[in-house]
Amino acid sequence: MAFLFSKFQMMCCDGATGQDNADIDPVVYTSFDTKAIVKEAIKKSEEKFAIYWPRNIIVLFGPPGSGKGTVAPNIEELLSTPQLSTGDMLRAAVSQKTEVGMKAQEVMKVGGLVSDEIVIGIIRDRIKEDDCKLGFILDGFPRTLSQAKALDKLLGEEGASVTNIIALMVPDEVLEERICGRWIHKSSGRSYHVKFAPPQRMELDGSGKPIPDSMKDDTTGEALIQRPDDTSEALKKRLEGYHNETVPILEHYETEGIVKKVNANIKPSLVWDEVKSALKR
Ligand code: AP5
């Protein structure tokens, strides 16, 4: 959109002095509504991109607890493109007790993988929505080789393909502390950690454990919860699934030169710096 803004600025500013022309000739330049013109120009440009440019499709890849959910909102903000987390969608289905939710609930709780058929169906419908017209960020999908192939086929139907895979690399032994210390705000998906990202109101008991009643979302003050699959036992199964079923996806895409591995075993702010550079062409 940057070129569009420059074009618009040329219309309103004197290129040599950078001075706003509206100050120089109010008769000419105050006759239009600046905001409406910018909005219209952005809309036109978006339509052009949606019709003629391929969509920007980013896959956030990594084991449970590697920081996909932490990084995704930053990418959303940077690129104005939505995060599609199959985990969040499935958890919403479980809460709403939908048919999909009923099927997924038990397998998720013990750290297993939900069937390919269900998750592919969810993604197939979601990427048709209007907010995905310029692209989207996939978080937690694809997770098996057959999901990857189904995604390629879906995108191939419109001449598109995955443009970028950001693989967050964290050794297994670091993940248990991250997963077992995580607390989340259910409605927004905001993620906290007792050690690495504590909520402002957190209080500890005599043994250093967080007092559940003090675990509140910084923004809304609502209670935080722990996910039923964030246990050491379920994590073992989740990691098994990751290594056996998910890692082979990297090989599948490696030959296309779109896989970028990022060290995610560093401070979150530094991880974000690395992800930002990996997103550049
Ligand atoms: P899903 O919700 O996708 O979970 P996951 O992949 O296991 O990933 P997590 O959400 O646990 O971790 P994350 O990488 O987002 O880490 P976060 O940023 O929160 O899936 C859940 C389940 O749904 C699956 O097990 C499966 O059953 C089912 N499912 C989903 N998709 C499926 C699919 N496609 N096919 C089949 N089944 C599917 O970070 C973790 C913690 O660490 C946080 O507390 C955070 O504050 C902290 N942290 C983050 N970064 C750092 C850092 N750099 N340093 C220190 N701490 C950090």
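Read the numbers this way: they start at 1 and go in the same order the structure lists the ligands and their atoms.
- Counting only distance, with no hydrogens or angles, the side chain of K260 and the backbone of G257 share no donor-acceptor pair below 3.5 Å.
- L138 and V71 are members of different hydrophobic clusters when ILVMFWY side chains are connected at heavy-atom separations under 4.5 Å.
- A continuous path of hydrophobic side-chain contacts links L151 to V247 [ILVMFWY only; heavy atoms under 4.5 Å].
- Remark: ligand 1 and D230 share no N or O pair separated by less than 3.5 Å (distance only, no angle test).
- Atom 10 (O) of ligand 1 has as its closest protein heavy atom R227 NH1, 3.0 Å.
- Shortest contact from atom 33 (C) of ligand 1 to any protein heavy atom: R143 CD, 3.4 Å.
- A heavy-atom distance below 4.5 Å is found between the side chains of I179 and P64.
- For atom 45 (C) of ligand 1, the closest non-hydrogen atom of the protein is T70 OG1, 3.8 Å.
- Annotation: side chain of K276 is not in contact with side chain of K280 (no heavy-atom distance under 4.5 Å).
- From the protein, the heavy atom lying nearest to atom 35 (N) of ligand 1 is Q147 NE2, 3.0 Å.
- Within the 4.5 Å cutoff, the side chain of L224 has heavy atoms near those of the P199 side chain.
- Some N or O of G67 is nearer than 3.5 Å to an N or O of ligand 1, by distance alone.
- Residues D217 and K186 are not paired through a salt bridge, judged by the lack of any N-O separation under 4.0 Å between the basic side chain and the carboxylate.
- In terms of protein heavy-atom proximity, atom 41 (C) of ligand 1 is nearest to R178 O, 3.6 Å.
- Counting heavy atoms closer than 4.0 Å to ligand 1, residue V71 contributes nothing at all.
- The atoms of ligand 1 that sit less than 4.0 Å from any heavy atom of V271 are 53 (N).
- Between I258 and T163, the closest side-chain pair of non-hydrogen atoms is not below 4.5 Å.
- Between T144 and ligand 1 there is no heavy-atom distance shorter than 4.0 Å.
- Atom 46 (O) of ligand 1 has as its closest protein heavy atom H193 CB, 3.7 Å.
- When non-hydrogen atoms are compared, ligand 1 lies under 4.0 Å from the backbone of V114 as well as from its side chain.
- Other residues, nucleotides and ligands place no more than 12 heavy atoms under 6.0 Å from the CG atom of D213.
- Residue G65 places a heavy atom under 4.0 Å from ligand 1.
- Annotation for ligand 1: atoms under 4.0 Å from non-hydrogen atoms of P63 are 14 (O).
- Residues F141 and L113 do not share a hydrophobic cluster, defined by chaining ILVMFWY side chains whose heavy atoms lie under 4.5 Å apart.
- At a 3.5 angstrom cut-off on N or O pairs, I266 counts as close to ligand 1.
- Salt bridge D88/R91: present, at least one basic N to carboxylate O contact under 4.0 Å.
- Ligand-side atoms of ligand 1 in range of I179: 11 (O), range being under 4.0 angstrom from any heavy atom.
- Residue L90 has no nitrogen or oxygen atom sitting less than 3.5 Å from a nitrogen or oxygen atom of ligand 1, judged on distance alone.
- Set against the non-hydrogen atoms of G69, the atoms of ligand 1 under 4.0 Å away are 13 (P), 15 (O), 18 (O).
- The pair E233-K236 does not meet the salt-bridge criterion, since no charged nitrogen lies less than 4.0 angstrom from a carboxylate oxygen.
- With respect to the salt-bridge test (charged N to carboxylate O, under 4.0 angstrom), the residues D273 and K267 do not qualify.
- Within the structure, the closest approach of R91 to ligand 1 falls below 4.0 Å when heavy atoms are considered.
- In this structure, E157 places its CD atom where more than 12 heavy-atom neighbours from other residues, nucleotides or ligands lie under 6.0 Å away.
- For atom 56 (N) of ligand 1, the nearest protein heavy atom (residue, atom name, distance) is F196 CD1, 3.3 Å.
- Between W183 and ligand 1, a contact under 3.5 Å exists for no N or O pair.
- Between the side chains of E245 and T144, no donor N or O sits under 3.5 Å from an acceptor N or O.
- For ligand 1 and P268, the ligand atoms under 4.0 Å from any heavy atom of the residue are 51 (C), 52 (C), 53 (N), 54 (N).
- Contact between G181 and ligand 1 is absent, with no heavy atom of the residue lying under 4.0 Å from the ligand.
- Closest protein heavy atom to atom 9 (P) of ligand 1: R182 NH1, 3.4 Å.
- Within 6.0 Å of the NZ atom in K149, the count of heavy atoms belonging to other residues, nucleotides or ligands does not exceed 12.
- Residue S85 places no N or O, backbone or side chain, under 3.5 Å from any N or O of ligand 1.
- Residue D116 places every heavy atom at 4.0 Å or more from ligand 1.
- Proximity to T86 (heavy-atom distance under 4.0 Å) selects the following atoms of ligand 1: 30 (C), 31 (N), 32 (C), 34 (N).
- Among S191, S115, G112, A264, the residue whose heavy atom sits closest to atom 25 (O) of ligand 1 is G112.
- At least one N or O atom of G140, backbone or side chain, sits closer than 3.5 Å to an N or O atom of ligand 1.
- No single ILVMFWY cluster, assembled from side-chain heavy atoms under 4.5 Å apart, contains both L60 and V162.
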